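Below: one structure, written as structure tokens.
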Amino acid sequence: MALLVQKFGGSSVSDVDAIRRVAQRVAASRAAGDDVAVVVSAMGDTTDDLLDLAGQVSPNGPPERELDMLLTAGERISMALLAMAIQDLGTPARSFTGQQAGMRTDSSHGRARLLDVTPSRVAETLKRGEVAIVAGFQGVSEDEDITTLGRGGSDTTAVALAAALNADVCEIYTDVDGLYTADPRIVPTASRVTRITIEETLEMAAQGAKILHLRAVEYARRFGVPLHVRSSFSDQEGTWILVDRPLTGALHQDGTTRHTSDTTTTEDPMEDPLISGIAHDKSLAKITVVGVPDRPGAAAKVIGAVSTAGVSIDMIVQNVSTSPEGLSDISFTLPEADGTVAVAAVRELQHELGVADVLYTSHVGKLSLIGAGLRSNPAVAQRMFGALAEAGINIEMISTSEIRISVITDQDVLEEAVRAVHRAFRLDSDAEAVVYGGTGR
Ligand code: ASP
Ligand code: MG
């Protein structure tokens with residue numbers, strides 16, 4: 001018998017039929033003898049709809065405390081309906097708000113951090129043999145105010161609950177059959193990744209792969225929570241995300257009995273392919289500061305001004321100054337949404353630093369090739385850049401880490417770039433990936 005935390009995203013509980021299908025899956029897991037705690041997101045587009053309503057009644061911007069109060073209602077609807085649907089199948093179930101489930105957070109509304117997770121009522125419910133259902137994405141602050149963890153935060157709720165309950169696995173149910181070597185909406189022949197390390201997953205999530213909330217992956221790494229990302233629309237085994245903790249054979253629900261030595265974590269990693277996948281991020285912009293005096297402190301000033309403005313910078317490139325005056329250029333990428341703020345911050349410095357010009361390009365994207373041990377293999381970069389060259393795609397910037405090579409391209413050719421690199425590394429599978437819902441959550 002295992003303890004499972006099962007998280008269902010908005011597209012998995014989008015309407016009555018979907019909720020009943022999820023109820024059946026949960027009840028089946030329970031009937032198979034496992035303890036099941038469930039975390040749900042709000043139904044379909046509920047969160048967006050509520051945000052929209054808030055905007056309509058408060059054109060000056062809704063107060064954040066009330067906004068959190070409103071948004072958490074979305075998850076309360078789905079948790080209660082799911083509890084009813086499960087009970088209707090004859091399986092005892094009980095729903096809990098984030099507060100009731102012991103999700104204590106700081107008081108930063110809209111982006112609260114978890115401080116402590118004490119799910120004693122959930123544990124008691126499981127002990128009685130009942131299914132516990134927890135509203136995702138929410139908690140309660142030290143002042144007893146209701147908070148939310150930020151968009152997509154239900155993944156984090158699920159991982160945090162799994163860690164606190166010491167669950168055997170946290171299953172993340174979504175509308176695709178797991179993690180793919182590229183976004184199947186762009187590369188229909190992308191292959192499903194059967195297993196991947198948590199470090200690679202972290203890199204994929206950080207580089208724009210939309211399937212898992214970055215914070216949830218960070219949390220899973222910190223607390224050693226094994227994740228299984230799979231579809232709620234099929235019984236296919238999904239992607240196992242490996243952590244440094246042994247899994248037991250009891251976890252497998254497909255009816256097969258496996259020995260402990262045959263589980264995912266203990267298989268020979270040497271057999272794994274070098275590349276685990278391609279992530280892409282379409283919504284970036286680039287700023288180039290032209291003619292920066294080549295002296296200590298110049299880069300610190302430019303980058304400092306942008307960070308002080310609250311903009312997170314991604315890739316930074318400074319070229320070697322070749323001009324007789326000792327001037328160099330600094331380019332960096334940032335979220336497209338922060339473009340205006342960042343340009344204003346740099347322009348303010350322009351005079352003081354004696355910078356020639358500040359150039360802004362709003363329309364760039366980033367492609368990242370990710371795989372463990374990738375950097376120690378120079379042939380990988382060669383093949384990647386070769387594929388882009390052959391497709392006639394210009395690389396604007398390059399950056400690398402131990403397990404990643406990223407390039408910046410024009411946004412219009414980004415999808416083509418993803419397909420070209422995917423092909424070059426022969427990551428395509430024979431079968432088309434199935435996207436059941438369409439939201440990727
Ligand atoms: N319902 C929230 C959102 O849409 C949280 C989540 O789905 O994880 O962002
Ligand atoms: Mg959602």
Side-chain angles (χ1 to χ4, degrees), residues 5-15 18-19 22 37-55 62 64-83 95-101 103 105 108-114 117 133-140 146-163 170-176 179 201 205-206 208-220 225 227-233 241 283 335 337 435-441:
V5 170
Q6 301 186 325
K7 182 260 171 178
F8 294 92
S11 66
S12 298
V13 291
S14 58
D15 57 22
I19 290 175
V22 166
V38 177
V39 172
V40 272
S41 288
M43 294 171 67
D45 297 329
T46 303
T47 309
D48 289 324
D49 296 344
L50 292 173
L51 268 173
D52 193 54
L53 275 178
E64 36 183 31
R65 179 187 182 277
E66 306 311 324
L67 189 60
D68 275 358
M69 206 63 133
L70 178 73
L71 295 186
T72 51
E75 270 71 11
R76 290 177 72 139
I77 293 172
S78 49
M79 76 176 194
L81 290 176
L82 183 58
S95 66
F96 298 98
T97 63
Q99 180 172 23
Q100 290 174 315
M103 300 283 161
T105 72
S108 343
H109 286 289
R111 50 174 187 287
R113 313 284 306 186
L114 285 167
V117 181
I133 298 160
V134 175
F137 159 73
Q138 55 180 269
V140 63
I146 299 302
T147 53
T148 61
L149 309 181
R151 294 307 304 269
S154 299
D155 286 351
T156 302
T157 305
V159 174
L161 186 66
C170 180
E171 297 183 329
I172 306 278
Y173 284 92
T174 177
D175 60 3
V176 286
L179 301 182
T201 310
K210 300 247 163 19
I211 197 144
L212 277 174
H213 204 223
L214 180 58
R215 268 174 71 190
V217 186
E218 280 167 351
Y219 208 101
V225 179
L227 303 176
H228 184 188
V229 180
R230 57 192 309 190
S231 169
S232 67
F233 298 81
I241 300 173
S283 48
V435 180
Y436 301 90
T439 65
R441 281 245 162 232

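Bear in mind the structure is a predicted one, so any value in this text is a computation, not a measurement. Start at 1 and go down the list; that is how both ligands and their atoms are numbered. Positions are given from 1, in the same order as the sequence printed here.
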**OP:** Side-chain contact test, heavy atoms from C-beta onward, threshold under 4.5 Å: evaluate it for Val22 versus Gln6 and give yes or no.
**Re:** no

**OP:** Nearest 0.5 Å please: distance from the NE2 atom of His109 over to the CG atom of Leu67.
**Re:** 10.0 Å

Original post:
Can you find an N or O of Asp155 that's nearer than 3.5 Å to an N or O of ligand 1?
Top reply: no

Original post:
For Lys7 and ligand 1, does the shortest N/O to N/O distance drop below 3.5 Å?
Top reply: no

Original post:
What is the minimum heavy-atom distance between Ser41 and Ser78, and which atoms define it?
Top reply: O-OG, 2.7 Å

Please could you name the atoms of ligand 1 that [X] approaches to less than 4.0 Å, counting only its heavy atoms?
X	result
Arg151	3 (C), 4 (O), 9 (O)
Gly152	3 (C), 5 (C), 6 (C), 8 (O), 9 (O)
Ser41	6 (C), 7 (O), 8 (O)

**OP:** Quick one: list whatever passes salt bridge (Lys or Arg N to Asp or Glu O under 4.0 Å) with Asp49, sequence neighbours left out.
**Re:** none

Original post:
Mind checking what makes salt bridge (Lys or Arg N to Asp or Glu O under 4.0 Å) contact with Arg111, not counting sequence neighbours?
Top reply: none

Original post:
Under 4.0 Å from ligand 1, counting heavy atoms only, is it the side chain of Glu75, its backbone, both or neither?
Top reply: side chain

Original post:
Any heavy atom of Gly74 sitting closer than 4.0 Å to ligand 1?
Top reply: no

Subject >> Exercise: do Thr148 and Asp68 side chains pair donor with acceptor under 3.5 Å >> reply: yes

